[in-house]
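Heads up: the structure comes next, in structure tokens.
Each chain gets a letter, A, B and so on, in the order its sequence line appears, and its residues count up from 1. Note that the coordinates shown come from a computational prediction; the quantities given were computed from them, not determined experimentally.
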Amino acid sequence: MALSNSEIADLFDELADLLDIEGENPYKVRAYRNAARIIRSLPRSLAEMVAAGEDLTRLPGIGERIARKIETVVKTGKLPQLEQALARTPPTLLQLLRIEGLGPKRVKALFGALDIRTLEDLERAARSGKIRQLPGFGPKIEALILKHLDQALEGERRYLRFEAESIATALIAHLRQAPGIDRIEVAGSYRRWRETVGDLDILVTVQGDSPVMERFVAYEGVAEVLSRGGTRSSIRLRNGMQVDLRVVASESFGAALQYFTGSKAHNIEIRTLAVKQGLKINEYGVFRGEKRLAGEAERDVYACLGLAYIVPELREGRGEVEAALENRLPRLVELADIRGDLHAHTQDTDGRDDLETMAQAAKALGYEYLAITDHSRRVTVARGLDEKRLRAQMEAIDALNERLEGITLLKGIEVDILEDGTLDLPDTVLKDLDLRVCSVHYRFNLSKRKQTERILRAMDNPYFNILAHPTGRLINKRRPYAIDLPRIMAAAKERGCLLEINAQPERLDLNDEHCLMARDLGVGLVVSTDAHTATGLQLMRYGVAQARRGWLEKAQIVNTLPLAQLRKVLARP
DNA sequence: GCCGTTTTCGGCCCGACTGTTTTCAGTCG
């Protein structure tokens with residue numbers, strides 16, 4: 001069984017961490033991390049590319065040496081350099097890197113001087129006061145280590161962007177009360193619409209001598225103030241989230257926004273490009289020598305480099321800088337392009353609202369259509385519909401459509417894909433619906449081959465339209481089930497089936513990398529909310545953001561079509 | 001280890017903050 005791209009990327013990341021601790025050339029370490037990132041964002045599997053004899057060195061950041069290593073990994077499942085590094089350096093040291101304040105240099109020093117290999121060793125040494133005696137260490141660092149040990153033991157916590165949004169909104173409202181506040185913007189992975197964020201980076205500009213820092217550290221949700229400076233302060237909220245506030249001058253706001261939005265990989269590319277052009281970029285502006293060329297507007301930072309504006313969702317170091325240079329950035333799908341939602345539940349199963357409430361909410365969003373797709377009978381916990389109850393709902397929808405103006409309800413179902421690949425309701429009723437959303441809700445633990453075949457068999461049913469939440473993952477809660485997505489996408493394209501980008505903040509399934517893969521393979525997609533309430537329809541922006549992170553354009557998203565054209569696609573010609 | 005319209009060798013993004021120092025290293029973002 002060949003390793004997946006993300007497994008291969010993990011090997012290079014692990015190698016990079018170990019070499020970093022060993023004090024290896026930092027640029028070599030960066031080259032491995034860089035390669036890992038490139039590998040993660042590839043639309044096709046390396047196994048496939050190697051089998052086809054493709055020249056991997058044509059990928060940016062992959063040279064002769066790493067290409068050979070990848071081939072070895074694909075063929076043997078092992079990365080010899082990693083095995084050697086593991087023999088030299090205990091892998092438990094990698095846990096130590098997760099402690100805030102401990103980087104490769106200090107981990108190496110702790111290992112070398114005190115033979116500290118594990119978090120337990122670290123705690124013992126810190127408690128007995130040995131760490132403060134090491135050169136370069138002191139009582140403060142020792143105390144810091146003890147403080148952060150607990151956090152490291154439970155692993156890095158990342159918050160759903162959705163959770164972060166309500167935290168950010170409340171905090172911004174608090175900051176707005178400070179006199180002299182001008183602009184406020186959340187930067188970082190939040191602005192790039194990553195599905196999870198580790199912390200919040202807030203930028204503000206102020207008029208005159210505003211007490212915004214005082215107000216920030218005095219926020220009622222603050223558990224502790226981590227640092228406090230003139231331009232930057234950090235707090236930890238009671239829920240554990242870290243928030244950084246940076247005060248920047250108006251004339252630097254655009255440059256600061258660009259800089260703190262990241263990603264790190266994107267910024268390195270941008271700055272490297274700037275250096276080649278004899279420019280310098282920092283968070284204060286773009287400079288040629290002493291002369292400042294831009295800084296107030298983010299757009300100008302890119303323009304100075306001869307680049308088209310790159311939206312935050314694309315700033316992941318996945319080729320967007322090169323694309324901007326060549327003026328071939330995608331024209332990303334936008335929320336306003338969406339003409340309807342194709343996955344929603346009502347109180348007939350596990351939703352909360354009735355048909356009409358859902359319809360009016362969809363109309364208020366400016367939609368042309370909304371598909372009602374309640375669960376099928378197999379999902380007993382949701383009181384899934386059998387044929388009789390489904391027929392009753394269909395009649396109710398027909399009757400409602402007679403009365404409704406400006407919105408059309410589509411008769412649909414979220415039908416379960418059973419373990420043998422058949423659908424949970426007979427074709428005799430499926431054929432009378434406008435569309436069928438098909439999904440896996442149980443037996444997640446089948447082998448990759450069996451799970452894939454289960455879905456492929458289901459797609460053989462001529463009424464199969466959309467594969468809902470294709471991997472079944474729940475962020476931070478449930479891992480995706482094993483499936484061969486490229487194969488499923490190829491099969492879907494061939495048969496005129498579609499894949500869903502589920503917009504639920506804890507699903508976002510397909511994820512951004514899958515979206516890139518779908519873009520490359522050209523399979524049709526829909527963005528749907530899977531709403532269980534009328535307000536749930538507003539989550540569409542999360543699905544659209546995910547699509548944008550995957551470089552997707554309007555043409556590939558089927559629910560941007562007017563209803564008449566949508567119906568043609570759903571008929572699976 | 002990667003990369004090249006200044007270079008196949010010699011570069012490789014940049015600044016704030018902290019702690020341990022007394023001019024700087026490490027870490028972080």
Using a 6.0 Å cut-off, check whether atom CZ of A:R88 has over 12 heavy atoms from anything other than its own residue. yes
Across the strands shown, which category fits A:I66 at heavy-atom distances under 4.0 angstrom: base, sugar-phosphate, nothing? sugar-phosphate
Considering only side-chain heavy atoms of A:S227, which listed nucleotide, B:dT18, B:dA16, B:dG29, is closest? B:dT18
Within this structure, what is the CD1-to-C1' distance between A:I99 and B:dT27, rounded to whole angstrom? 14 Å
Starting at CD of A:Q277 and ending at C1' of B:dT6, how long is that distance when rounded to a whole Å? 14 Å
With a non-hydrogen cut-off below 4.0 angstrom, is A:I281 in contact with a base, only sugar-phosphate, or nothing? sugar-phosphate
Go through B:dA16, B:dC12, B:dG19 for me and flag the one nearest to the A:Y27 side chain. B:dC12
Of all residues at least two apart in sequence or in a different chain, which pass the side-chain hydrogen bond (donor to acceptor under 3.5 Å, both in side chains) check with A:N327? none
Report yes if the side chains of A:I270 and A:I268 come closer than 4.5 Å at any heavy-atom pair, otherwise no. no
For A:V523 and A:M489, the nearest pair of non-hydrogen atoms, with its separation, is CG2-O, 3.7 Å
Using a 4.0 Å heavy-atom cut-off across all strands, classify A:P26 as base, sugar-phosphate, or nothing. nothing
A:Y259, nearest nucleotide to its side chain (from B:dG29, B:dG26, B:dC13): B:dG29
Could you work out which one of B:dC2, B:dC17, B:dT27 sits closest to the side chain of A:P104? B:dT27
Would you mind telling me which of B:dC2, B:dG26, B:dC14 lies closest to the side-chain atoms of A:R271? B:dC14
Euclidean distance, atom NE2 of residue A:H148 to atom C1' of B:dG26 [Å, nearest integer]: 15 Å
Contact class for A:E64 vs. all strands (heavy atom < 4.0 Å): base, sugar-phosphate, or nothing? sugar-phosphate
Sticking with atom C1', work out how far B:dT21 lies from B:dA25, rounded to a whole angstrom. 9 Å
Can you check the distance between B:dT20 and B:dC28, where both ends of the measurement are the P atom (answer in whole Å)? 15 Å
Nearest to side-chain heavy atoms of A:Y32, which nucleotide of B:dT20, B:dG1, B:dC14: B:dG1
Distance check needed: B:dG29 P versus A:E283 CD, whole Å only. 14 Å
Sugar-phosphate, base or nothing in reach of A:T231, heavy atoms under 4.0 Å: sugar-phosphate
Whole-Å P distance, B:dT22 and B:dC17: 23 Å
Work out how far the C1' atom of B:dA16 is from that of B:dG10, and round it to whole angstrom. 29 Å
Which nucleotide in B:dG29, B:dG15, B:dT20 has an atom nearest any side-chain atom of A:K280: B:dG15
Taking the inter-plane angle between the rings of A:Y302 and A:H266 on a 0 to 90° scale, is it parallel (under 30°), tilted (30 to 60°) or perpendicular (over 60°)? tilted
If you measure from the C1' atom in B:dG15 to the same atom in B:dG4, how many Å do you get, rounded? 28 Å
Does B:dG29 have a Watson-Crick or wobble mate here (both distances under 3.5 Å), and if so which one? B:dC14
Ranking B:dC2, B:dA16, B:dC14 by distance to the side chain of A:N282, first place goes to B:dC14
B:dT6 and B:dG11, which share atom name C1', separated by this distance in whole Å: 12 Å
Gap between atoms NZ and P, on A:K147 and B:dG19 respectively (whole Å): 9 Å
Which pairs would a plain distance check flag for residues 130-139 of chain A, meaning a side-chain donor or acceptor within less than 3.5 Å of a matching protein atom at least two apart in sequence or in another chain?
| residue | atom | partner | partner atom | Å |
| --- | --- | --- | --- | --- |
| A:R132 | NE | A:E142 | OE1 | 2.9 |
| A:R132 | NH2 | A:E142 | OE1 | 3.0 |
| A:Q133 | NE2 | A:G129 | O | 3.3 |

When you measure only distances, ignoring hydrogens and angles, does the side chain of A:N25 come within 3.5 Å of the base of B:dG1 through a donor and an acceptor? yes
Between C1' on B:dT18 and CG on A:L102, what's the gap in Å once rounded to a whole number? 14 Å
Write down the distance between CD (A:E269) and C1' (B:dC2), rounded to a whole number of angstrom. 13 Å
Suppose you measure atom C1' in B:dT18 against the same atom in B:dT23; what distance do you get, rounded to whole Å? 15 Å
Nearest nucleotide by nearest heavy atom, which residue falls closer to the 5' end of DNA chain B, A:K140 or A:L279? A:L279
Given that A:P135 and A:R65 both sit by DNA chain B, which one's nearest nucleotide is further toward the 5' end? A:R65
Evaluate the side-chain proximity of A:V204 to A:R183: yes if any heavy-atom separation is below 4.5 Å, no if none is. no
The side chain of A:D199 is closest to which nucleotide in this list: B:dG29, B:dG1, B:dG19? B:dG29
Whole angstroms only, please: what is the CG-C1' distance between A:L97 and B:dT27? 11 Å
Using the side-chain heavy atoms of A:K264, tell me which of these nucleotides is nearest: B:dC17, B:dG29, B:dG1. B:dG29
Under 4.0 Å, heavy atoms only, any strand: does A:V275 hit a base, just the sugar-phosphate, or nothing? sugar-phosphate
Heavy atoms only, 4.0 Å cut-off, all strands: where does A:R132 land among base, sugar-phosphate and nothing? nothing
Students often get this wrong, so: under 4.0 angstrom with heavy atoms, is A:P60 touching a base, only sugar-phosphate, or nothing? sugar-phosphate
Would you verify whether the NZ or CZ of A:R161 falls within 45 degrees of the ring axis of A:Y190 while also being under 6.0 Å from that six-membered ring's centre? yes
Across the strands shown, which category fits A:K108 at heavy-atom distances under 4.0 angstrom: base, sugar-phosphate, nothing? nothing
How far does the C1' atom of B:dT8 sit from the matching atom of B:dG1, given to the nearest Å? 14 Å
